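Contents: one structure, followed by commentary.
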Amino acid sequence: VVVLLCCWLLLRTNKEVHIALVSTQDHHTFHRITKKAIMGDAEATAAGGATRRVFVNYIDTPVGAAIAELLARSAIGATAAEEEDEEEDGDENAPPKETYTVVGTLKNPDAFKDTPVPKHISDIVKYDQKEDLKPVLLGCDDIVYNIADGPESLIDEASWAATMLHDEDEHVEGKKNFVCVSSVMTWAKTKPADPDEPEATCTEDDYRRRRPHMSFKPHTNAEKLIIKCGKKVKHLKTYVVAAGMLYGRQEFVFHQLFKSAWELSPPELLLFGDGQNALPAIHVQDLCSVVLNVLDGGAETRYILAIDDALHTLEEITKCISENLGSGKVKQVSKEDALLLSGISQADFDQLTANIRLESGAVKDMNIEWVSQEGIVENIETLVQDFKDSRNLQPIKICVLGPPASGKTTLATELCSHYKLHHVHTKGVIDEALAKLKAQAELLDLPEGERPEETEDAEQAKEELEALQGQLEDNGGRYEEEQVIKWFRQKLYSEECKNQGYVLDGFPKTEAQAQELFQPEEEDDENPDAPDPLTVPEFVFALSCTDEFLKERIMELPEDQVSGTHNAEDAFLRRLAQYRQDNTEENTVLNYFDFREIHPDTIELTAETLGLARERVQEVVGVPHNYGPTPEEQVILDRLAAEEEAERAARQAAEDEQNRQVSEQQAAEQQAAWDTKYAEVRRQEQEALDEAALPLRNYLMKHVMPTLSQGLVEVSKSRPDDPIDFLAEYLFKNNPQIE
């Protein structure tokens, strides 16, 4: 009755009306049926073009969000032939193009709790059980279900939805498209048609003999059922889009490879097995374009393989990621050892180690604006940048300058710990460079059988070490400035500094050093003074303090940190004088940054503000740009947080106990003072009463008590039956005469 009444209301109004059917189990459950769902496109669409309602499940997931976004900004039929588009564009009287209106469900009910719902989402459908979706699905023209990485409950929901639409086909007006996005893992165990050609590829025509990975058998059953539901019906068309290994934006199954390469942990990117297994893949945006083509009627087959033209092996992909994001090194590990690694799920491992040789034919006939048709390897630079942008993994580059003993190293160490950056300072840079040279030169000392075939790098390293030893002898134990700057440049150009960022500690010291250190490898003809954006810092902080403050800090240091070090009195005074000479008001290294619009932030240090420098830097720099703590670090942080909370609770309990004791003592003192005052008041009051009663007492003792006492004695002696009457008569008879 309610539905019929709502239909009547819809027919009576020209506006879109939303009907809420509330579940008896949960009053928060609702379904929205628009006027279009009952009356069709013609009457439900406002002037300016028709619309098609499309249902997309889990629009808060990366794939669901990408599909919903593309559909919402695409005109229906936009993937038609280019010639038709040109003809329509030239016709000024052509009717406005139809548009997609997207409704969908959420995987996380609180996905948009703190953020607004995207404007391209028309409605969000909440439900308790899959049967509650029936009016919503019947009210949509197109249904898209992504079950590629979904749980069995989602696969069951998609199967039910296709079956329900098949059963309701007789009662539906207009065409409906049902697109199921599945996974190529349903082909993981498929054997080649010709056993003699194990590297032969399969196509959509072979889909009937596909064999799934053990974990994807439910997906295969759902694919078969959905295709079957589209047969022998008038209005429903069903399609299955088997998506390749997804990449792009979040990088999906390849995410762990990108993350490990970016973090350089371990330094060599791990290759699972021999890496010769083929991985059909597709960019998430290209998958969305395939879905759009299917909805626009661009699919001639009901089963589509959505993969790009490349069929890279795991080894090719791993090496490519390492070379463009990591150290460029790859280390092979067995599949058994790979399973023991933390950070990779069983599902991702299964996909990365699968060997699936497929070739798509349907997508080649579609009108797709490819983002990555050539695959991961050919588009790795764009993918790396998208990976960094989507996760805000931009490097943070900081330079901390200041006079000796001002606390630069302490501040730099704290910043590196907070932001997970690399500490770049003179001693560390020199030690690291020398260690690499010595490691290369030592290869020449290996036995003939263990020595590498090419020893040119080792010989060059040995010659360079000899030249460096000569520099030390000629310069009083110091390396030439050009050599130190060269090592600094090598460090700043390292992948670790380009990925995470760095904190430059006390270098460069002069404007000339800064000019050479940040000089780009290829000079810009239009702006020859421009620094290299890959290495120049974003933030420069200059610590400023008086000489007296610095001398006091040195005097407060323990003897073992002063004697025989650069903090000894003579060495410190020499370094301080050199710093003041290199940094005058007119000539300072800060000018280099200031002239290039990297304005240094000066932090004045005093005994009171010394501990606030880090807070000032963090306020300017902002939040870290990284993945956050590792699982091991998180355990430590949780333990420290628990200890801090326990200490806080103990301090609070001790403070509460102290406050209680103080309160009790104050209350006892107040009570004692009150008791003393009360006793004094009672004493004074008694004295006043006694003093006021004295005349009356004297009067009674003189005139009443003698006769009364004698009368009482007589009563005791006589013991009359009525002692009161006896006493009264005695007092009357013996009443003395008072003059």
Side-chain angles (χ1 to χ4, degrees), residues 61-64 66-67 70 144-150 179-190 199-207 210-213 215-216 219-220 223 239-258 275-294 299 301 303-318 320-321 347-366 368-380 382-383 386:
T61 60
V63 177
I67 293 175
L70 178 62
V144 179
Y145 262 97
N146 173 31
I147 65 170
D149 57 352
V179 179
C180 173
V181 179
S182 186
S183 170
V184 292
M185 287 296 288
T186 58
W187 294 72
K189 300 298 182 181
T190 305
E199 295 187 1
T201 58
C202 298
T203 64
E204 287 102 338
D205 297 335
D206 302 313
Y207 82 93
R210 68 193 185 283
R211 294 294 181 268
H213 183 276
S215 301
F216 285 79
H219 297 71
T220 304
E223 291 178 1
Y239 303 89
V240 171
V241 177
M245 314 293 181
L246 290 178
Y247 61 91
R249 291 188 178 180
Q250 303 295 321
E251 307 316 324
F252 301 96
V253 68
F254 300 103
H255 170 250
Q256 188 59 34
L257 297 179
F258 278 82
Q276 298 307 306
N277 54 305
L279 298 177
I282 188 170
H283 194 285
V284 64
Q285 286 298 114
D286 294 331
L287 172 63
C288 296
S289 297
V290 172
V291 173
L292 178 61
N293 271 263
V294 173
T301 61
Y303 194 96
I304 301 112
L305 287 174
I307 57 179
D308 54 37
D309 290 348
L311 190 60
H312 296 304
T313 63
L314 177 61
E315 181 183 27
E316 293 172 339
I317 295 173
T318 304
C320 179
I321 294 174
D348 289 347
F349 177 82
D350 291 340
Q351 295 186 61
L352 289 174
T353 55
N355 185 23
I356 310 173
R357 297 188 176 275
L358 299 175
E359 181 180 359
S360 177
V363 297
K364 295 180 180 179
D365 298 329
M366 293 182 180
I368 299 176
E369 294 182 3
W370 286 93
V371 174
S372 180
Q373 186 173 8
E374 297 82 7
I376 294 177
V377 175
E378 294 296 329
N379 296 278
I380 188 62
T382 302
L383 295 177
D386 289 345

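Basis for what follows: all heavy atoms, side chains included, without hydrogens, waters or symmetry-related copies. Please read these numbers as outputs of a predicted model, since none were measured by experiment.
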Going by the angle between their ring planes, with limits at 30° and 60°, are His219 and Phe216 parallel, tilted or perpendicular? tilted

Below 30° counts as parallel, above 60° as perpendicular, anything between as tilted: where do the rings of Tyr247 and His283 land?
perpendicular

Under the side-chain hydrogen bond (donor to acceptor under 3.5 Å, both in side chains) rule, collect the residues that match up with [X], sequence neighbours excluded.
| X | answer |
| --- | --- |
| Asp348 | Ser345 |
| Thr201 | Glu359 |
| Ser360 | Glu204 |
| His312 | Glu316 |

Hey, what do you get for [atom1] ([X]) to [atom2] ([Y]), rounding to the nearest 0.5 Å?
| X | Y | atom1 | atom2 | result |
| --- | --- | --- | --- | --- |
| Ile67 | Leu287 | CD1 | CG | 5.5 Å |
| Leu246 | Asp286 | CG | CG | 10.5 Å |
| Gln351 | Ser183 | CD | OG | 5.5 Å |
| Arg357 | Asn277 | CZ | CG | 8.5 Å |
| Leu279 | Ile356 | CG | CD1 | 7.5 Å |
| Ile282 | Asp308 | CD1 | CG | 6.5 Å |

Could you list the residues that satisfy side chain to side chain contact (heavy atoms under 4.5 Å, CB included) with [X], not counting sequence neighbours?
| X | result |
| --- | --- |
| Thr382 | Asp386 |
| Thr61 | Tyr58, Lys107 |
| Asp149 | Asn146 |
| Glu315 | Leu271, Gln276, Thr313, Lys319 |

Min side-chain heavy-atom separation [X]-[Y] under 4.5 Å:
| X | Y | value |
| --- | --- | --- |
| Thr186 | Tyr207 | no |
| Val291 | Val181 | yes |
| Asp350 | Ser215 | yes |
| Leu257 | Thr318 | yes |
| Asp206 | Thr190 | no |

Determine the minimum heavy-atom distance between [X] and [Y], stating which atoms define it.
| X | Y | answer |
| --- | --- | --- |
| Phe254 | Ile317 | CE2-CD1, 3.9 Å |
| Leu70 | Ser289 | CD2-N, 3.6 Å |
| Leu305 | Trp187 | CD2-NE1, 3.8 Å |
| Ala278 | Leu311 | CB-CG, 3.9 Å |
| Val184 | Ala242 | CG1-O, 3.7 Å |
| Val290 | Ile304 | CG1-CG2, 4.3 Å |

Across all chains, not counting sequence neighbours, the ring pair (Phe, Tyr, Trp, His ring centres under 6.0 Å) partners of Tyr239 are none

Residues at least two apart in sequence or cross-chain that pass salt bridge (charged side-chain N to carboxylate O under 4.0 Å, His left out) with Arg210, listed by chain then number, are Glu223

Atom pairs and distances, donor-acceptor, side-chain atoms in residues 373-380, under 3.5 Å, two or more places apart:
unit_1, atom_1, unit_2, atom_2, d
Gln373, NE2, Asp309, OD2, 2.9
Asn379, ND2, Ser372, OG, 3.1
Asn379, ND2, Gly375, O, 2.9

